[in-house]
Amino acid sequence: MSEKKIRVLIAKPGLDGHDRGAKVIARALRDDGMEVIYTGLRQTPQMIAEAALQEDVDVVGLSILSGAHNALVPQVLEKLKENGQNDVFVFLGGIIPESDIPGLLALGVKKIYGPGTDTRVVCEDIRAALADRA
Amino acid sequence: MTDFSLETIRKGDKLALSRVLSRVEADHEAGRAALDALFPFTGSAHKIGITGAPGSGKSSLVNALAHHLRRAFPDARVAIIAVDPTSPFTGGAILGDRVRMPDLQNDPGIFIRSMATRGALGGLADATLALSQVFDAAGYEYIIIETVGAGQAEVDIVNLAHTTIVVDTPGMGDDIQTIKAGILEIADILVVNKADLPGADQTYRNLAAMIEMGYRGTGRINGGHHRSANAPTDRPEETRGWVPPVLKTTAVTAQGIADLMNAILQHQTYLRATNAWHEKENAAMQLIVNKLVLEELSNNWKQNLAPGLYESVLRALRQREISPRAAARALLAYNSK
Ligand code: B12
Ligand SMILES: Nc1nc2c(ncn2[C@@H]2O[C@H](COP(=O)(O)OP(=O)(O)O)[C@@H](O)[C@H]2O)c(=O)[nH]1
Ligand SMILES: [Mg+2]
């Protein structure tokens, strides 16, 4: 009846309280016609993966400004795989030093965004990634 | 797409369950087939609806209630369907109810699924009933459904839930208008949430008085029976049916949640004891069958419509040669040839 809706989980792992970026992205994706599940602050990798599983999302978007990305992101990726969600795309945004980016991409993060990101680019990237998969 | 297996879902495989929920929600062939296969296993879950204005604390109540249910009945699994509105302009939605359900995040016996209305207007999405059936078949004993909560027209929940909880809060203007009559009437249980805030007692008294008046005045009971306004007011207790209790809760501290759970269980007992459970199921089945019949009829009709007929009938209608009803009949070929 209707086209397949893109479902995205926007999550903030760890103790990081900076939630503006996550909310900006959530709204931008909503305005682009996607269904965005927002889980709020202080999520463990386990909680994020479980939410992604129950919500059957296409994309998990992580927002991290605390500097803890190298510890948190691999755990999220691992839990997603443990649950059998191998086809979910993980996008990451926040304060991620240039030098950490190659390692995170190598682990399986699809794309990484920093301050000043144009949200239209994020929407396009998500649609492109899902179109490639289909 | 892996093939869906009934067995895996009933065994508690969450990935399989989650994928089936998506397919059923999309309402494509695969989803319809899954629903057909699961249907024989439905019918045992207790479906509990929660409605009330946005911000009244529905999600917070679901959090406290589900947590409490799980502690009281560790073997019973709880599914939650949280519905939020789709933006009519963009077709997108922000589904944020999980933010208020922190106590449920690490409980393997709980499954939360957020849904967007995708254009439906009655406070639920079109597929909410179907998703509840999937959870039912998967063996979830309690299914809690949180409605959008935008206003008074949202009464779809009564057709779906066995027990409907209506949430009000203090300080929304203590006139009775806060909860519109229509929504009050659907309540099996009334909750004054945010009882920690000033004015809660006043709101409680107002609601209790309304219930008191409503039941004495009309003798209305749940299940849609409606006696005339001047029916005898002194009926014996048992024939009056269920009178909705009014409860005070503070969802964020779980105050009053035990009482709320007990009221739900009492309502369940009442429904089962009076056969109202089956009446509700019957009414729900009737609604869904009627809806599907109309849907299939309309699809068949569209498929079998003679080419050009629609346009020519519409032209005749526009020129006032025939009336709208005659046009409809012509399109259905009642008096054709
Ligand atoms: C505002 C702000 C705050 C506010 C936060 C308010 C809030 N509720 O969000 C307050 C004052 C509370 C705050 C507190 C702190 N802050 Co501060 N804060 C900032 C600041 C100035 C701006 C952040 C912001 O909101 N930007 C606006 C949003 C829209 O941008 P954004 O988050 O970057 O998001 C964009 C992109 O990154 C990307 N994006 C982000 N997330 C995602 C997710 C996905 C999926 C995608 C696709 C894209 C994406 O898209 C967005 C849109 O373009 C930054 C500095 C900076 N210039 O970034 C420091 C900064 C983040 N804070 C910092 C620090 C250290 C702190 C404190 C620890 C300070 C302290 N010592 O108390 C506390 C910690 C608070 C906590 N509990 O975590 C450091 C972090 C250093 C680090 N990581 O190494 C920064 C970088 C400042 C600095 N240069 O030192 N902070
Ligand atoms: N003071 C108080 N605040 C509450 C209570 N229950 C919920 N809230 C707050 O009310 C706001 C809306 O709650 P939410 O559960 O999201 O309401 P919903 O929109 O009806 O689902 C949140 O900020 C909650 O923390 C309560 O019992 N007392
Ligand atoms: Mg809510």
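In the text below, chain A, chain B and the rest are named by the order of the sequence lines, each starting its count at 1.
Atom CG of A:Leu15 sits in a sparse spot, with 12 or fewer heavy atoms from other residues, nucleotides or ligands closer than 6.0 Å.
Between chain A and the residues B:Asp84, B:Thr90, B:Thr86, the most heavy-atom pairs under 4.5 angstrom are made by B:Thr90. Considering only heavy-atom pairs separated by less than 4.5 Å from chain A, the leading option among B:Met101, B:Lys14, B:Arg100, B:Arg98 is B:Arg98. No other option in B:Gly119, B:Ala116, B:Ser114 has as many heavy-atom pairs under 4.5 Å with chain A as B:Ser114. Per-residue heavy-atom pair counts under 4.5 Å with chain B were compared for A:Arg7, A:Glu55, A:Glu35, A:Arg27, and the maximum is reached by A:Glu55.
Only the backbone of A:Asn83 comes within contact range of chain B, judged by heavy atoms closer than 4.5 Å. Only the side chain of B:Ser87 comes within less than 4.5 Å of a heavy atom of chain A; its backbone N, CA, C and O stay farther away. For B:Leu104, no part sits under 4.5 Å from any heavy atom of chain A, backbone or side chain.
The line from CD1 of B:Ile94 to CG of A:Asp31 is 7.5 Å long, rounded to the nearest 0.5 Å.
Between B:Val99 and A:Tyr38, some side-chain heavy-atom pair lies under the 4.5 Å cut-off. For the pair A:Asp56/B:Arg113, a side-chain contact is recorded, criterion being any heavy-atom separation below 4.5 Å from C-beta on.
The closest donor-acceptor contact from the side chain of A:Gln54 to the backbone of B:Ile112 lies under 3.5 Å. Of the possible polar contacts, one joining the A:Lys5 side chain to the B:Gly91 backbone as a donor-acceptor pair under 3.5 Å is found.
The residues B:Arg19 and A:Asp87 are annotated as salt-bridged, a charged nitrogen and a carboxylate oxygen being separated by less than 4.0 angstrom.
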Inset, instruction - Walk me through it: do B:Gln105 and A:Glu50 pass the test side chain to side chain contact (heavy atoms under 4.5 Å, CB included)? - result: CA-CA 8 Å; B:Gln105 306 287 350; A:Glu50 183 67 23; over 6 Å; no
Inset, instruction - Apply the test side chain to side chain contact (heavy atoms under 4.5 Å, CB included) to residues B:Leu15 and A:Leu53: give CA-CA distance (whole Å), side-chain angles for both, the deciding distance (0.1 Å), then the verdict. - result: CA-CA 6 Å; B:Leu15 182 61; A:Leu53 178 70; 3.6 Å; yes
